[in-house]
Amino acid sequence: MWKAMAEDKFEKLIDLAIRRGFFWSSYEIYGGVAGFYDLGPLGTRLKNNIIELWRKHFIQQHQEFVVEIETPVIAPARVFEASGHLEHFTDPVIECLKCKRKYRADQLVEELAGIKAEGMDLKELLEIIEKKNIKCPNCGGPLGNLRYFNLLFETYIGPYSENKGFLRPETAQGMFVSFKRVFQVMRERLPLGIAQIGKVARNEISPRQSIMRLREFTIMELEFFYDPDKPHCPLLEERYSGEKLRILTADAKSRGEERPEEYEALELINEKIIKAPWLVYWMFVSRDFVHNLGISFTDMFFDEKMPHELAHYSKQTFDQLVKVSRWGWIEVSGHAYRYDYDLARHIEFSGQDLAVFKKFEKPTILKEKKVIIDKAGLAKEFRSEISSLMRILESMSNEKLLKVVESSTDVVVIDKFRIPKRYFKVIEVEKKIYGKKYVPHVVEPSFGAERLLYVTLDHAFHESEERVVLKLPPYLAPIQVAVFPLLSRKEFILKAREIHMKLIREGFYVIYDDSGSIGRRYARADEIGVPFAITIDYQTLKDNTVTIRDRDSRKQIRVRIEDLSKILYKGLKGENIFEFV
RNA sequence: GCGGCGGUCGUCUAGCUUGGACGAGGACGCCGGCCUUCCACGCCGGAGAUCCCGGGUUCAAAUCCCGGCCGCCGCACCA
């Protein structure tokens, strides 16, 4: 019964989305292509409003240390070699269930079975591996967990076919690659958050589930950089002390638990349930953001990935799940502790120094023993051989030389040389250290905009008495106000048109409608989630007042036209304008 | 990618088994007009469908057969 209803709801929602213009399959006239969707007029506005709300939560509210940038969709191959995406996304991978080593499944089959395996699908590979009884070449353990990693869209940059490029599968690499520049622009202060909103592409094997799994979609990501020696997050205590997150931990899952439990902010850190305090903080922000899309706390939780499920760059990952009518719990965001993986890899591959220099409050003084060589004495002693001896001595580090000298009594033996110890003197020097270099750690909350669009619609969708009402939070509504003349008579129409234009000039998104009965027009507006409907009636013509109708309660209040904008503005912020009047 | 099921005006659907009277019917929506002081349920009229695409069988295909595309479900996969 429940399931039948739920399926019904999904179908009605998809129908509504197509009919009224939220979204539909792209390239429809050519039969459509799986994984690509157009957003219609309402869908585009709703998505933009969701993005704006994300900006408010993640950037505007943290503007002193979180900034937004924009980087290209196409990147040269080198970037994804460094990021690990090429290695981890392009081939079928199988792992040893015992020692956890990973192998390219096609290479294993070629090497151990002598069968050309390139281009084979998983089923064929698995068949051969089973038939030929291929085991782990390292420990002899059983193989399993065969997976594809082939999500990167390939292209060429310019006219040279060897100049390969890829469409980014996440916006994150743009933030890592340009980290140093942004860090300098932000006057070299940490912590620093770099955010980006943009299109990404993943060549999914088999995208389904409507707009939930796309080959091209919009991602909203924050890469948050901080000093691993100072992982503390003061904002967490300030803002979320005593508040709780619903989490299903990997630990609980391995014990067979299926229900999330509630954890307090400080408990999560003190008990080291979540490895990075800043990750906890952004998960709380994410909880509130998704809540403000109209999703209650009980309809969401964080699901920790099991160790073997972690992406190549992650030390710990939590997916934020939201309950929807058809598919149960679906992921709307990922929260990863990326450690220093990405920056370290870009340092390695680019040869650039992306590390951060941290100045100590006071320079620390380091006492160090240093070997002083009596070069003039050595020259006299060794005469013609002095140049080759000096070359050897200069190639040795201070530590190594110190060790040899200190362990010798009278004669220091280096290579073929026997050097009297008196030519070496060990002195103690003081070295001032002004600071140190380190690679920041990164935590990353990452949201899929189209999934948020879907869950927002799913939770807003209500039916009563055979009519559909999209109970979107007013501040998300694509159309904010509807203006209706009660009757389609000239004097009503003229007045309604006048108010319509006035509201447009004042910045609202407004529709005007005079066709059909008034009830039909209310219903049409309810269906696309217009929160407020203004009706021009007989009394309007007498005293310049109009009614404002509330979408959810259908209640009306009467206000003066001159106060209309002010009241609507309040209503759109989410204040209840129907109570106090 | 594999298997099952499906694809008819904008939407939902009738017809398909047993090929022909289908010039593809209906409802909702849309457009125009009339009537009307408040929640799609007053009346009249109109537009709107190469029956997903391609090929085949046949005198004749929405209907039967083959292939493709897309969707749903299951398996596999899933930053």
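Only this structure's heavy atoms are used, side chains among them; waters, hydrogens and symmetry mates stay out.
- Counting only heavy atoms from C-beta on, A/Tyr522 has its side chain closest to B/rC39 among B/rC35, B/rC31, B/rC39.
- For B/rC30, the OP1/OP2 oxygens have a side-chain nitrogen or oxygen of A/Arg524 closer than 4.0 Å.
- Atom CD of A/Glu444 is separated from atom CD of A/Glu223 by 4.0 Å, given to the nearest 0.5 angstrom.
- For A/Phe23 and B/rG71, the CZ to P distance is 13 Å, given to the nearest whole Å.
- Using a 4.0 Å heavy-atom distance criterion, A/Glu28 is classed as making no nucleic acid contact.
- Contacts of A/Thr535 with the nucleic acid, taken as non-hydrogen atoms under 4.0 Å apart, include base atoms.
- Contact of A/Arg521 with B/rC39 (side chain to base): no donor-acceptor pair of N or O atoms is detected under 3.5 Å.
- B/rG42 and B/rA49 have their P atoms separated by 28 Å, with the value rounded to a whole Å.
- Between the side chain of A/Arg467 and the base of B/rC39, at least one donor-acceptor pair of N or O atoms lies under 3.5 Å.
- No hydrogens or angles considered: a donor-acceptor pair under 3.5 Å links the side chains of A/Asp38 and A/Ser26.
- Ring-centre distance between A/His85 and A/Phe166: not below the 6.0 Å cut-off.
- One can place CD1 of A/Ile534 at 14 Å from C1' of B/rC38, the figure rounded to the nearest angstrom.
- Looking at A/Ser83 and A/Phe176, their side chains never come closer than 4.5 Å, going by heavy atoms from C-beta outward.
- Remark: the A/Ser517 side chain and the B/rU36 base include no donor-acceptor N/O pair separated by less than 3.5 Å.
- In terms of position on RNA chain B, the residue among A/Glu331 and A/Asp526 whose nearest nucleotide sits closer to the 5' end is A/Asp526.
- Between B/rG74 and B/rU58, the distance separating the two C1' atoms is 38 Å to the nearest Å.
- Counting any heavy atom pair closer than 4.0 Å across all strands shown, A/Asp15 reaches sugar-phosphate atoms only and no base atom.
- Distance A/Phe492 CZ to B/rC35 P: 15 Å, rounded to the nearest Å.
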